[in-house]
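Notes follow the structure.
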Amino acid sequence: MKPNDPDIRWVKEPPMGPTGKTYLSLFLGGFTTTLKHLVSKKKTIPFPDRHYECPDPLIYRGVHRLNRDDQGRVKCVACFLCSTACPAYCIDIVAAESPWPDREKYPESFTIDELRCIYCGMCEEACPVDAIELTSLFDLSGKSREEMIFDKEKLLAVYDMTKDAEPRRTAGRPPTPPRDTGGPS
Amino acid sequence: MNPVALVHDYLAVGALLFGIGLIGLISRRNLIVMFLSVEIMLQGVSLSLVAWSRFHGDEGGQVFILFIIAVAACEAAVALALILMLSCQAGNLDVAGWRRLREEGIEPPVDPGPETLPPPAPDWIPLTPVGRAPDVPPEETDYRPYV
Amino acid sequence: MLFFFETLIKIALLIAGLMTAAAYLVLVERWMAAWIQDRVGPNRVGVPLTKIRLFGLGQPAADGGKFFFKEEFTPGHVDRALYFLGPMIMLTAALAVFAVIPFGSVLPTRFGVEGLSEPIRLVVAPGMAAGLVYVFAVNGLAVYGALLSGWASNNKYSLLGGLRSAAQLVSYELPLGLGILGVVLVAGSLDLETIISHQAQSGAWNFMLQPLGFVIFFVAGFAESGRLPFDLAESEQELVGGYHTEYSGVKLLMIMVSEYLHMFTASFLIVILFFGGWHFWGLTGSSDVVTWPVALLRVVVLLGKVLLTILFFMVARWSWPRFRFDQLMGLAWKVMLPLGLLNLVVLAVWMEYGRAVAEATGLSYLAATAAVGWGTLAVAWLAVVWFAPSASDNRPQRSPVVQEVCR
Amino acid sequence: MDPTRIMLLAALMNGAGLWLLLPQTGSFPFRRPLNRTLGTLLGSAGLGLMASQLPGLGEWFSGSVFWGSVFWILAGVTVVAAAAAVVSRDPVYSALWFGLMLLGTAGLFLFSGAAFLAVATVTVYAGAILVTFLFVLMLAQPEGRAGYDRTSTEALLSAVTGSMIVALLSIVLGRVLGLPEAIAISSAATGGTGPTPDVARLGTVLFSRYLIAVEVAGVLLLTALVGAAAILARRNKCPCEDQTTANQMDSPTEGAA
Amino acid sequence: MIHITIDNRPLELRDDERLNCIEAARRVGIEIPHYCWHPGLSVVASCRMCLIEYGMTNQATGQVEMMPKLVPACQTPAVDGSVVVTNSVKVARARAMVEEGLLLDHPIDCPICDKAGECLLQDYHFQYGQDERRADVRPFTSRRRDIGDVTLFVDRCILCSRCVRFVREVSGTSELYVSGRGAHEEIDVVEGFPLANNLSGNVVDLCPVGALGDKDFLYKQRVWYLKRHAAVCTGCSAGCSIWIEENHDRIYRLKPRENLAVNRWWICNEGRYGYPHVHNPERLLLPRRREGDTVTTPDWTKLPRELGERLRGAGRMAAVLSPFLTVEEAFLLCQYARSIDPEAVLVLGPVPVVGEDEVFPGGFTIRAEKCPNRRGVEEVLLASSGGLRTLESLLDELDRLPFGAIWVAGGYRQPWIDEPTAQRLARADVLVVQDLFPSPLSELATYALPSAAFAEREGSYVNYADQLQTAARGVRPPAGVRTEGSLLWELLSRERMYRASSVLEDVARAIGYFAPAAKGVGPTGIDLRANLLA
């Protein structure tokens with residue numbers, strides 16, 4: 001961008017008047033704001049005693065889960081779009097031909113390194129079949145690094161744990177039509 | 001303490017400071033260290049003045065020291081400005097770099113000069129243990145560490 | 001010998017008190033910070049191994065323990081001698097200042113000891129004629145701590161942090177001194193005890209008589225103690241942590257305690273020089289001969305005032321944004337230095353001709369002095385407003401008219 | 001032995017010690033650790049010898065041990081710090097030793113009753129002058145040791161000159177202060193107690209008897225200030241500064257306007 | 001001289017050049033999208049993606065007369081006076097309509113389609129297609145049909161018929177045909193005659209969409225993860241140009257690289273699926289030293305010195321150069337052998353020959369000689385020892401008088417030596433064997449050194465027709481394996497890193513046959529015969 005670009009609109013801040021230049025109102029304004037907050041109600045939640053209730057779990061970005069489809073199988077089609085979108089390179093997928101007649105491809109293994117993850121939600125955005133989602137579980141902890149590398153079973157278990165509290169984002173979408181195995185139509 | 005003894009001791013300390021400062025002024029080559037040496041000499045003189053002031057029971061000596069401090073402050077200001085100028089032009093604080101400022105017909109000072117010195121040994125900063133590179137022979141780096 | 005023991009006891013009391021106060025004021029500061037940010041603050045640490053939380057009063061012990069038991073890491077690239085010397089100089093200088101700062105007035109009794117015929121004066125080095133200059137000298141030494149730890153760390157961020165800090169401290173010593181000079185002129189002494197008793201006897205605290213000097217000293221005191229909005233040395237949110245980037249463990253503790261002690265020093269000086277020290281109207285009296293209750297009351301009043309000042313320091317931290325470094329320097333050299341000189345000149349003239357003028361106008365001398373002082377402040381403030389470079393108002397705009405003007 | 005000769009010897013030893021300690025080219029006259037050890041030994045021996053010849057040491061043993069030891073500690077710190085400041089290779093260390101020497105001198109001032117001078121010295125020298133020098137040093141040579149800090153010019157000659165002057169002064173001092181007139185003067189004066197440590201009295205004298213001198217000093221300070229500013233104002237001509245950067249910095253705002 | 005104007009840009013062609021408008025436009029840097037046209041196949045102009053506005057300059061008047069309708073660029077020859085417009089609104093609309101028509105019933109299953117990322121339908125849709133879909137049908141079936149060597153996803157097909165033309169024109173096997181008519185057209189094979197020929201893999205490359213899936217690559221890896229390296233196939237002496245496509249040092253597929261001088265656009269299945277041996281776990285992965293019955297693993301850092309000392313102390317030396325070596329490695333090995341023993345015997349290793357050359361109607365030939373560099377090694381041997389000797393002659397000589405040291409460079413993909421031969425060679429005091437896989441010889445060797453597979457080394461190969469081509473390194477060798485080149489480089493105590501290109505310059509300076517390579521080798525290689533004729 002050049003400074004003399006005609007498309008740039010230069011905005012000038014309004015000059016400060018003599019009363020403003022005494023800085024008294026600014027000075028007192030800052031002070032009163034501080035004092036107001038000093039005596040106002042505190043918003044801290046004492047964590048282990050009381051838990052945070054996520055007002056909208058759909059927009060919270062916590063631990064991942066792998067959704068199941070209607071028949072309880074993993075919904076993921078192993079398209080690698082989440083691992084491609086992942087800025088932290090924390091998703092590792094091994095794809096294989098699916099054992100089910102209505103699907104072509106499925107993840108033989110699906111691993112997320114939760115320690116490496118930055119919880120940006122890009123995987124969720126990228127997923128074409130809404131198979132990976134971020135839940136509102138935030139108090140993730142473990143005793144070892146290995147424990148924090150979630151494999152497919154663990155991610156599906158997260159889904160089983162949270163599916164009642166947090167429905168799938170696209171619960172309303174019709175299931176994919178069964179695969180046409182006949183000859184030329 | 002005996003006043004004469006006391007003033008004697010003070011004067012001796014002052015004389016020592018003066019001598020040390022003189023040696024430093026003559027022999028050191030760093031402009032700032034030379035300046036510090038001058039200040040050491042001034043402090044020696046100040047000590048003598050305090051001693052005499054006490055010996056005579058008169059504030060004159062102390063007042064004189066106040067003036068010395070004032071002069072030192074002026075000196076510091078001007079000298080620092082000059083040193084900054086000079087070091088900015090020469091790129092270092094070496095006084096030997098300014099030997100051309102002598103009068104006509106006077107021999108240049110005999111000086112070993114920095115150029116005759118062996119180059120100083122590189123003062124490598126030791127790495128902290130976590131930052132040390134693994135000890136891999138160079139030809140090994142061509143190969144991946146796993147199959 | 002008695003004198004010797006008396007001084008030793010005073011020193012021990014003072015250091016113990018200061019260290020405890022520093023520890024607990026850290027807790028108070030954390031509480032204040034939390035409350036201002038609508039949080040609760042540390043409220044967990046109480047009695048160890050029990051569920052008793054005591055509102056978090058055990059936090060200082062835990063903090064201190066953490067500092068002591070943390071790994072004290074010395075980077076391999078530092079200049080070892082100076083790296084160790086830096087924090088020591090800082091802590092020593094910060095503590096040494098308190099030699100001349102009174103923490104009360106006098107204790108009347110002789111404790112049944114024959115040698116203690118004179119009342120005990122509550123200051124480590126009583127009767128130090130050059131008390132205020134001593135404060136300055138020792139404060140000047142504190143600069144070395146920052147400079148040395150920055151340089152010895154052998155790290156460009158630390159070095160620049162040290163230089164930043166040193167430049168700020170050196171610059172603000174001038175307005176600090178100019179703010180004091182007015183008080184010294186009025187009291188006629190550099191001794192802090194004398195200055196307090198002078199205010200107590202006249203009944204008018206100095207901030208009423210010379211508000212300009214007070215403002216200058218107050219601002220410079222903030223800057224000298226390196227607190228927000230003058231914490232350019234650290235600027236923990238924006239710059240790498242300043243000269244103590246490379247420090248950890250006890251050495252870091254020393255640096256931080258000495259920064260806290262600087263705040264105490266500044267608060268004590270503000271209270272003693274401008275808020276009448278231990279004096280409070282109708283409570284503490286003003287004579288040098290006191291009874292036990294009055295003596296204790298004086299200590300309480302002085303410490304209470306100091307505590308209030310410290311609380312103001314803490315609130316100020318969250319109230320105003322930080323200066324830019326050029327603004328900081330400009331404030332010291334272009335605003336406060338001339339104003340300090342103006343204050344000094346006005347006071348000097350007033351000291352010479354004030355009584356005559358007061359008599360001529362029929363006002364009481366104190367009232368006339370106060371009037372002159374506040375007038376000077378008003379004039380100085382207006383001058384600053386007049387000469388200040390045009391600034392722009394970057395507060396959020398509410399009026400649509402202004403929006404239009406913007407375009 | 002004759003005290004004069006002892007003084008001479010002590011001064012020579014001091015000079016030799018300093019000469020050994022001064023930064024030298026290569027391994028001259030010996031290898032560096034040996035130089036250091038020998039220099040330290042010689043210098044401290046010289047100092048001890050000199051102290052033994054001063055009348056104060058005897059007084060110390062006879063009189064008040066506490067105050068005497070305070071003086072000797074202060075004097076020792078001062079002299080050793082001064083020597084270290086002169087011989088340090090690293091100029092930053094040099095400046096710091098100089099700072100320690102200042103503290104020692106201030107202590108000596110305080111010891112002789114000049115409290116205001118002591119704090120003034122610390123304030124002005126240590127608080128202002130030395131800090132600015134450290135600024136320059138730290139910014140000019142962040143990596144420390146330059147070649148010119150590792151050599152000295154005419155170290156031997158300067159050491160001889162310095163020690164000769166010290167010897168001369170000490171010997172003359174001993175002679176002069178031993179004269180009966182000196183005793184007489186001292187007893188005629190305040191008896192060695194000196195001026196009372198009163199800042200007010202010093203101020204009164206300063207602004208009455210020496211008013212003109214104070215004014216002159218003030219003018220001198222102002223001149224120095226202006227001079228320093230004038231010298232540094234031309235710094236833009238310095239080749240190491242890139243003048244074009246300043247202009248380039250301004251141009252976008254002009255375009256904006 | 002033919003003068004053409006394309007989008008107001010002038011272009012001049014030689015009189016003997018016969019280009020269509022797509023190729024002509026490519027000369028000036030304009031890409032005309034196309035599905036059905038392929039330079040190696042006949043023109044059918046069925047996809048209509050390459051429609052352009054076309055006109056002729058009337059030679060008499062100098063006026064440009066445009067054709068009223070759009071014409072397919074692939075079928076329109078660029079003759080003198082042609083005027084081509086590819087950037088008009090009309091052309092853009094035509095492309096968008098074609099794109100929309102193709103996408104009407106193309107399944108949008110890109111996430112699981114292996115072609116996604118290199119799919120022309122995807123790319124053209126983003127470049128030339130419409131922003132929104134106007135049809136209300138959402139195709140979502142992806143019928144799959146096994147048609148032999150490859151998998152057919154029937155609904156993804158856009159009927160460009162490239163594959164059908166390929167099996168008719170290049171491989172000549174004609175398994176594929178288009179069944180049905182109109183909207184019901186599909187690619188199919190006749191019942192009982194699946195697609196099975198040695199070039200069948202090429203139809204996967206030819207397919208512009210994901211309709212034909214490679215069974216070997218299916219669902220293994222997404223194509224955008226793959227990194228490609230220009231290399232040379234070492235399956236036979238044809239020396240086809242290939243791309244090695246790998247990710248994280250694992251080869252996922254090999255693809256043909258266009259090289260009109262060698263393989264045009266094709267490679268055979270043998271070469272295409274000939275990479276798994278690179279990742280075979282049975283490979284020799286560590287150097288081994290055998291002394292008597294004890295086997296130890298020497299340290300690579302100390303091995304070169306030790307080898308040098310042992311070989312120098314052994315006496316007469318012989319070296320067997322396998323035709324799998326690159327030119328540079330063969331040259332360095334000859335130099336090294338000569339530096340140990342100036343009278344060293346240098347022989348060519350066995351040249352594997354399997355069956356007969358397989359020639360396809362389209363001209364593509366799979367050579368029977370299953371090694372990449374017989375010609376190159378022969379020329380190096382000729383230049384270094386004056387004559388060409390085979391392993392048999394060495395064995396004969398070995399029976400008569402013993403050798404102190406024998407260096408055998410292997411690198412064969414198949415078992416290549418039998419037990420008795422190995423026993424005869426092992427009579428030498430020091431036997432150094434470099435090989436890919438364990439063999440009777442490496443079991444007997446004093447030093448068995450692992451060698452690098454073709455994708456792991458850089459260097460140049462000379463094919464049967466004296467075409468010299470260079471190959472870049474595709475993947476790093478496994479830990480414990482050193483390429484022959486870098487080992488020999490260190491044995492010769494040369495400085496810095498081993499770089500094949502600089503060694504090739506030395507070779508070109510030293511050996512006349514290779515002289516044309518001195519000025520550098522382009523991506524299609526250099527014909528060394530030109531030098532011999534001159």
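In the text below, chain A, chain B and the rest are named by the order of the sequence lines, each starting its count at 1.
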inquiry  = Using a 4.5 angstrom heavy-atom cutoff, name the option from A:Ile93, A:Thr84, A:Val77 with the most pairs to chain E.
reply    =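 The candidate making the most pairs under 4.5 Å is A:Thr84.
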
Is the [atom1] atom of [X] crowded by more than 12 outside heavy atoms at less than 6.0 Å?
| X | atom1 | value |
| --- | --- | --- |
| A:Arg145 | CZ | no |
| A:Glu125 | CD | no |
| A:Asp49 | CG | yes |
| A:Phe47 | CZ | yes |

request  = With sequence neighbours excluded, tell me which residues meet salt bridge (Lys or Arg N to Asp or Glu O under 4.0 Å) with A:Lys41.
outcome  =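 By the salt bridge (Lys or Arg N to Asp or Glu O under 4.0 Å) rule, A:Lys41 matches no residue at all.
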
ask   = Who passes ring-ring contact (aromatic ring centres under 6.0 Å, His included) against A:Tyr89, sequence neighbours left out?
value =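 Here no residue qualifies.
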
inquiry  = Within the structure provided, determine whether E:Tyr225 and A:Ser83 are in side-chain contact (heavy-atom separation under 4.5 Å).
reply    =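 Yes - at least one pair of side-chain heavy atoms lies under 4.5 Å apart.
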
A:Val94 backbone acceptor or donor facing E:Tyr219 side chain under 3.5 Å =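 No.
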
ask   = Could you give the distance from NZ (A:Lys105) to CG (E:Leu218), rounded to the nearest 0.5 Å?
value =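 Between atom NZ of A:Lys105 and atom CG of E:Leu218 there are 8.0 Å.
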
query = To the nearest 0.5 Å, what is the distance between CD1 (E:Ile112) and OG (A:Ser98)?
reply =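 E:Ile112 CD1 to A:Ser98 OG: 8.5 Å, rounded to 0.5 Å.
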
query = If you measure from the Lys or Arg side-chain nitrogens to the Asp or Glu carboxylate oxygens, is any gap between E:Lys220 and A:Glu97 under 4.0 Å?
reply =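 No, this pair does not count.
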
task = Kindly give the heavy-atom pair with the smallest separation between E:Pro111 and A:Pro128, and that separation in Å.
result =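 Result for this residue pair: CG-CG, 3.6 Å.
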
